[in-house]
Amino acid sequence: MPQPLLPDGRTGSRSYGSTDGPAAAATPAGQSSAVDTFFHIVCITAGTGILQLPYALRSGGWVGVAYIALAAAISAYTGRILVRCLYHRHGARLQTYSDVAEAAFGARGRVVARAIKDVGLLGVVGTYIVLAGISIESLVAGTAAGQLGARFWVATSAAAVWAAVVLARAAHDVVLLSVFGTLTTMAMVAIVVALGVGDLAHRRAHPPTKLADPQMAPIALASICFSFGGNLNWPDLEASMRSPKKWDRTLSLATAFVAAVYVCVAAVGYGVYGDDVQSPVFLSLPPGVAVTAAEAMITAHVLLACPIVLTAVFGEAERDLAIGPDARVSRVLLRTATVAAVTATALLIPDFAKLVPILGAVTGSLAVFVIPVACYVRLFRGQHAFSAWEYAWCVLVVAVGLGCLVIGTAQAVADIMRAPIT
């Protein structure tokens, strides 16, 4: 696919993947290596959605493996073009997702993109905190700690997130969290795969599977696409790199790695349990210490991912409020207030976790699929000769995004209707 015309590397401009010239002084080179960034991307992307993938194959059939590959290709593509949009002007780099939307669609575009970004990311963090608290309560059930209740463990989870975001100023400060988050996820995947393969040998009858289900295909594709969110954090992660020119390769490798992990979990879960597989896949696995350990690992992952997700929110807010690196008190107050507000909202709104999927369907589909393509075409159409194939690909990406918006919202509303909010 042809690449857009990007700023050149002459003196006096910061080109895509360059840290030279005066513009680089305005946007300093980061401190994260390509390896650090790889772990950040994997930690942000490979979240709790991994446990729903076998069920997605139950809905769509084995063709769902191809959906995983398609979703990965779309995610990597939109992540690359979003970062290229940051460099659409010679001699300058835009800083944030909202800056890109403003450059493409003016002040209203910025307002809409900023709202989608902040609501989406804060909703994810709120959900993760609630899920972690509930999971911890389940893990300690039957002990004295189990008597403390879910609200206590939700508050404890929030306190852990608060401590991490207060201590960290930027993405490079939380690289160890990304490494541990990724390792816990890989350990959880290994347990799920090992238990599934081991259970296969002891099962007398194997539940049926199907190649494809055309009626359920849209729902399966939407479910899989939502497992590849993360674009809202990419401008901040690319800015944190010592060598931004490695962004495209790092993103592609990390996305391919996540897709490979997804295929392993989805294929084993659906291959062993077929159309009887449940969501999350833990419910289908033989109970025991290993499943408990895997549940503990996914709980650790969601908590470790929260500070990384929040870097995109705090980075832009602190720039808007002129909170510099040395303004520690102001930074702590802002971050404390934000985490407290998210936690209070999650605790005070009944069944908060049931409402967030609706926000996720709207913000995720627009932010990951639709907005990056719309901004890319608008910003580069005067600089870059788009081929018919590239336009067709962009139309496909937007169509998938809008399909996810409609299907995801409808499914979330249907879930609430089946189990009304109390």
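Side chains are part of it too, since the values below use all heavy atoms of this structure and drop only hydrogens, waters and symmetry mates. On a predicted model such as this, the values are computed, not experimentally measured, just so you know.
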Can you name the residues that form a ring-ring contact (aromatic ring centres under 6.0 Å, His included) with Tyr270, not counting sequence neighbours?
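Listed in chain order: Trp62.
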
Side chain of [X], backbone of [Y]: donor and acceptor closer than 3.5 Å?
| X | Y | value |
| --- | --- | --- |
| Lys246 | Met241 | no |
| Ser138 | Ile134 | no |
| Arg151 | Leu347 | yes |
| Arg242 | Ser32 | no |
| Arg335 | Val165 | yes |
| Ser75 | Ala72 | no |
| His301 | Thr182 | no |

Contact check, side chains of [X] and [Y], non-hydrogen atoms, under 4.5 Å:
| X | Y | answer |
| --- | --- | --- |
| Glu295 | Phe282 | yes |
| Val140 | Thr143 | yes |
| Glu137 | Val154 | no |
| Pro372 | Asn231 | yes |
| Leu51 | Val265 | no |
| Cys225 | Val400 | yes |
| Tyr376 | Thr78 | no |
| Thr37 | Ile41 | yes |

Work out which heavy atom in [X] is nearest to a heavy atom in [Y]; give both atom names and the distance.
| X | Y | answer |
| --- | --- | --- |
| Leu283 | Gln278 | O-NE2, 3.5 Å |
| Ile224 | Tyr67 | CD1-CB, 3.7 Å |
| Leu94 | Ala103 | CD1-CB, 3.9 Å |
| Ile191 | Ala290 | CG2-O, 3.5 Å |
| Gly181 | Cys43 | CA-SG, 4.0 Å |
| Val193 | Cys264 | CG2-O, 4.4 Å |

Check whether the side chains of Asp236 and Thr311 place a donor and an acceptor atom closer than 3.5 Å, and report yes or no.
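Thr311 and Asp236 do not have a side-chain donor-acceptor pair below 3.5 Å.
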
Tyr97 and Asn233 side chains, donor-acceptor separation under 3.5 Å
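No, no side-chain donor-acceptor pair sits under 3.5 Å.
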
May I ask you to check whether Phe369 and Tyr77 place their ring centers less than 6.0 Å from one another?
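No, the ring of Phe369 stays outside the 6.0 Å limit from the ring of Tyr77, centre to centre.
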
Knowing that exactly one of Thr127, Val124, Val161 qualifies, which makes a side-chain contact (heavy atoms from CB on, under 4.5 Å) with Cys306?
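Answer after filtering Thr127, Val124, Val161: Val161.
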
Can you establish whether the number of heavy atoms outside Phe180 located under 6.0 Å from its atom CZ is more than 12?
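Atom CZ in Phe180 is not packed in, count stays at 12 or less.
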
Around atom CZ of Arg319, are there more than 12 heavy atoms of other residues, nucleotides or ligands at under 6.0 Å?
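Correct, the count exceeds 12.
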
Return a table of donor-acceptor pairs under 3.5 angstrom between the side chains of residues 255-263 and protein atoms on other chains or two or more places apart.
unit_1: Thr255; atom_1: OG1; unit_2: Leu251; atom_2: O; d: 2.8
unit_1: Tyr262; atom_1: OH; unit_2: Thr45; atom_2: O; d: 3.1
unit_1: Tyr262; atom_1: OH; unit_2: Ser227; atom_2: O; d: 2.7

Stepwise side chain to side chain contact (heavy atoms under 4.5 Å, CB included) check, Leu334 with Leu321
CA-CA 10 Å; Leu334 172 65; Leu321 297 173; 4.2 Å; yes

Looking at [atom1] of [X] and [atom2] of [Y], how far apart are the two atoms once the value is rounded to the nearest 0.5 Å?
| X | Y | atom1 | atom2 | value |
| --- | --- | --- | --- | --- |
| Ile129 | Thr343 | CD1 | OG1 | 4.0 Å |
| Tyr87 | Leu379 | OH | CG | 14.5 Å |
| Leu366 | Leu402 | CG | CG | 7.5 Å |
| Leu86 | Ile81 | CG | CD1 | 11.5 Å |
| Asp248 | Leu253 | CG | CG | 11.0 Å |
| Ile50 | Ile298 | CD1 | CD1 | 7.0 Å |

Checking [X] now: which residues fulfil side-chain contact (heavy atoms from CB on, under 4.5 Å) with it, not counting sequence neighbours?
| X | answer |
| --- | --- |
| Thr156 | Phe152, Trp153 |
| Ala132 | Ser157, Thr299, Val302, Leu303 |
| Leu333 | Val329 |

For Ser178 and Phe38: C-alpha separation, side-chain torsions, deciding distance, then whether side chain to side chain contact (heavy atoms under 4.5 Å, CB included) applies.
CA-CA 9 Å; Ser178 289; Phe38 176 92; over 6 Å; no

Given the rule in the side chain to side chain contact (heavy atoms under 4.5 Å, CB included) test, do Leu285 and Val192 qualify, once you have shown the distances and angles that lead to the verdict?
CA-CA 8 Å; Leu285 298 173; Val192 170; 4.1 Å; yes

Before giving the answer on side chain to side chain contact (heavy atoms under 4.5 Å, CB included), spell out for Ile74 and Trp393 the whole-Å C-alpha distance, their side-chain angles and the decisive distance to 0.1 Å.
CA-CA 9 Å; Ile74 291 175; Trp393 175 251; 3.9 Å; yes

Give every residue pair that meets the side chain to side chain donor-acceptor pair (under 3.5 Å) criterion with at least one member in residues 102-121, sequence neighbours excluded.
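Sorted result for residues 102-121: Asp99-Arg110, Glu102-Arg110, Arg110-Glu316, Arg114-Asp118, Arg114-Glu316, Arg114-Asp320, Lys117-Glu316.
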
Apply the test salt bridge (charged side-chain N to carboxylate O under 4.0 Å, His left out) to residues Arg80 and Glu238: give CA-CA distance (whole Å), side-chain angles for both, the deciding distance (0.1 Å), then the verdict.
CA-CA 10 Å; Arg80 290 195 298 269; Glu238 189 267 349; over 6 Å; no

